[in-house]
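First the structure, in the form of structure tokens, and then the observations on it.
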Amino acid sequence: MQRRKMFVAGVGALALVGGLAGCSNASSTDANTLTFTAATDYREAFEAVIANYEDANPEVTVDVTFAATSDIESTMPTQLGSGAGPDLVSVQPGIGGNLISVGSLASQGYLEDLSGQSWAGDISDSLRTSTDLDGATYMYPGVLQPLGAFYNMDAVGEAGLVLPESWTDVLAFCADAASAGKTAFSLGLQDAWVTQLIPYALAATEVYGVDQNWNEQLIAGDVTFPDSAWEGVLTQYLEMNDAGCFTPSANGVSFDNSLPPVAAGDALGIVQVGGVFSNLQGQNPEVTYALLPLPANDDPSSTQIAASPGVGVGVNANSARKDLAIDFVNFFAQPEQINLFAETLGGVVPALPNDDFQVPELLGTFNDLVVEGKAQPFPDTGWPNPRIQNAHLVGIQNMFLGTETPEQVLTDMQSALD
């Protein structure tokens, strides 16, 4: 997912480009200083783990530069290609959906093969498209974040409604919310990355819940975006809009402005990724929330939830401190550290489960679905190039403007693949 969001903080791009270039140099002669470029959105969580690592290894310093994900994407491949770049690399999951994905970086020889590490054998089959390329593991997946519907339970209760368990229930929920003077689902499409969330949530059931290997068939040419279940997914998106499920004129609403209505109870819910939850809860800590998958059909037993690592950590294949960098990744993978990371971040669970993690009540249903095998990766982790996702993002905005149909959007996505 573009800007795979835990996500929104950042600093000016020009300042970041200079900072990245100055602080991330794998050719440094200091054998005990690890360099690391990490997303600003994970700052507090990474700082907690880094502090523990430095306490356990007092001879080692981790020199971390925090940057917006978009700026890491724009600078990291060039740095790694020049033989520089940090020892530890923020890596996005997937085979090639963006410039710092596992597939994009590993295929160019920029990432160290981590298949021999003890945690690599614990990666589930459903996560392999996020962490692996050609049978080798290049990323520690960190935490798994859900993509589902967060509901303000106080507002839902005051409106006298119950949460939807089927597609028919979803449309009825929207109508009943409107009758109570509420918006069912807050939606801000001004930030393009938000456009993909509801299709991804629906596709977890309707596309990948039916066939987990759908992306592999797409790449092989056995299926196409047009004339597939994807057309039904985008049609449902428009059906929700026509049913009044969303914020009016959503194309003019930013992500930042989509959260306050939910916290205030003016909107009953929002379809978002788990990493956004701390931001949402911080706006009104008194609210009780529930997280559930977004139903896509009228068979509740078939409902699945979308889930993906928010960010992973890889090792620069050209690092002069490769062994030390791998040591940090293995430290990060210890239950105590990844649990601390997950708890600090909020709205996520360790991607590799451990018995010591206390699942927050909010994430109980999500965790159960993961255990039951009813969690599907975000679709773009299996798309081989970023142009497909971009065609999707732009197409959805145009669809809401009425200038493109679902069929046209999917045709553009297919053209991006071909």
Side-chain angles (χ1 to χ4, degrees), residues 5 8 146-202 205 233-298 300 303 305 347 361-362 365-366 396-397 399-402:
K5 299 242 104 64
V8 201
L147 167 53
F150 289 88
Y151 295 99
N152 180 329
M153 294 305 295
D154 299 331
V156 171
E158 290 170 6
L161 304 185
V162 295
L163 301 183
E165 297 182 0
S166 69
W167 175 248
T168 298
D169 290 347
V170 169
L171 299 181
F173 181 78
C174 295
D176 292 342
S179 297
K182 306 286 186 179
T183 298
F185 298 101
S186 185
L187 182 64
L189 299 181
Q190 189 177 88
D191 294 276
W193 66 269
V194 177
T195 64
Q196 65 202 319
L197 301 183
I198 288 174
Y200 282 13
L202 296 171
T205 298
V233 165
L234 296 192
T235 300
Q236 285 179 284
Y237 201 0
L238 285 182
E239 189 175 352
M240 290 180 74
N241 189 51
D242 292 341
C245 294
F246 304 133
T247 310
S249 303
N251 269 353
V253 179
S254 69
F255 162 74
D256 288 336
N257 289 332
S258 71
L259 299 183
V262 186
D266 297 324
L268 302 183
I270 187 169
V271 177
Q272 262 294 351
V273 290
V276 165
F277 178 69
S278 60
N279 187 338
L280 179 63
Q281 188 177 47
Q283 299 193 23
N284 188 350
E286 303 303 317
V287 171
T288 298
Y289 287 95
L291 168 66
L292 295 174
L294 183 66
N297 60 39
D298 286 337
T303 298
I305 195 165
E361 184 177 356
L362 173 76
T365 298
F366 170 56
I396 296 296
Q397 287 181 321
M399 208 170 69
F400 271 71
L401 289 171

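For the numbers below, each heavy atom of this structure counts, side chains included, while hydrogens, waters and symmetry mates do not.
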What residue among Leu259, Val253, Val262, Leu268 forms side chain to side chain contact (heavy atoms under 4.5 Å, CB included) with Ser186?
->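 Exactly one pass, corresponding to Val262.
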Member of Leu234, Val271, Val233, Val170 meeting the side chain to side chain contact (heavy atoms under 4.5 Å, CB included) criterion with Leu202 |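 Answer after filtering Leu234, Val271, Val233, Val170: Val233.
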Say you draw a straight line from [atom1] of [X] to [atom2] of [Y]; how long is it, rounded to the nearest 0.5 Å?
{"X": "Met240", "Y": "Leu187", "atom1": "CE", "atom2": "CG", "value": "8.5 Å"}
{"X": "Asn251", "Y": "Met399", "atom1": "CG", "atom2": "CE", "value": "10.0 Å"}
{"X": "Gln283", "Y": "Ser278", "atom1": "CD", "atom2": "OG", "value": "10.5 Å"}
{"X": "Thr303", "Y": "Leu292", "atom1": "OG1", "atom2": "CG", "value": "10.0 Å"}
{"X": "Gln236", "Y": "Asn241", "atom1": "CD", "atom2": "CG", "value": "13.5 Å"}
{"X": "Ile198", "Y": "Leu189", "atom1": "CD1", "atom2": "CG", "value": "8.0 Å"}

What are the two closest heavy atoms between [X] and [Y], and how far apart are they?
{"X": "Ala263", "Y": "Asn152", "result": "O-ND2, 3.8 Å"}
{"X": "Met153", "Y": "Leu163", "result": "SD-CD1, 3.7 Å"}
{"X": "Thr183", "Y": "Thr247", "result": "CG2-N, 3.7 Å"}
{"X": "Trp167", "Y": "Asp298", "result": "N-OD1, 3.3 Å"}
{"X": "Leu147", "Y": "Ala201", "result": "CD2-N, 4.0 Å"}
{"X": "Leu291", "Y": "Pro146", "result": "CD2-CG, 3.5 Å"}

For the residue pair Phe277 and Tyr289, categorise the inter-ring angle as parallel (less than 30°), tilted (30 to 60°) or perpendicular (more than 60°).
->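 Phe277 and Tyr289: perpendicular rings.
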Side-chain heavy-atom pair Thr205, Pro293 within 4.5 angstrom cut-off |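 Contact flag for Thr205/Pro293 side chains = no.
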Test item: Phe246 and Cys174 side chains (from C-beta on) under 4.5 Å apart, heavy atoms |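 They are not in side-chain contact.
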Counting only heavy atoms not in Glu361, do more than 12 sit closer than 6.0 Å to its CD atom?
->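 No, not enclosed.
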Give a yes or no on whether Glu165 atom CD has more than 12 heavy-atom contacts from other residues, nucleotides or ligands under 6.0 Å away.
->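 Open.
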Apply side chain to side chain contact (heavy atoms under 4.5 Å, CB included) to Phe173 and Cys245, showing your working.
-> CA-CA 8 Å; Phe173 181 78; Cys245 294; over 6 Å; no
Donor-acceptor under 3.5 Å (Tyr237 side chain, Thr195 main chain) =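 Checking the backbone N and O of Thr195 against the side chain of Tyr237, a donor-acceptor pair under 3.5 Å is found.
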Is it true that a side-chain atom of Gln272 and a backbone atom of Phe150 form a donor plus acceptor pair closer than 3.5 Å?
->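 Not a single qualifying donor-acceptor pair exists.
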Could you walk me through whether Val194 and Ser258 pass the side chain to side chain contact (heavy atoms under 4.5 Å, CB included) test, one step at a time?
-> CA-CA 10 Å; Val194 177; Ser258 71; over 6 Å; no
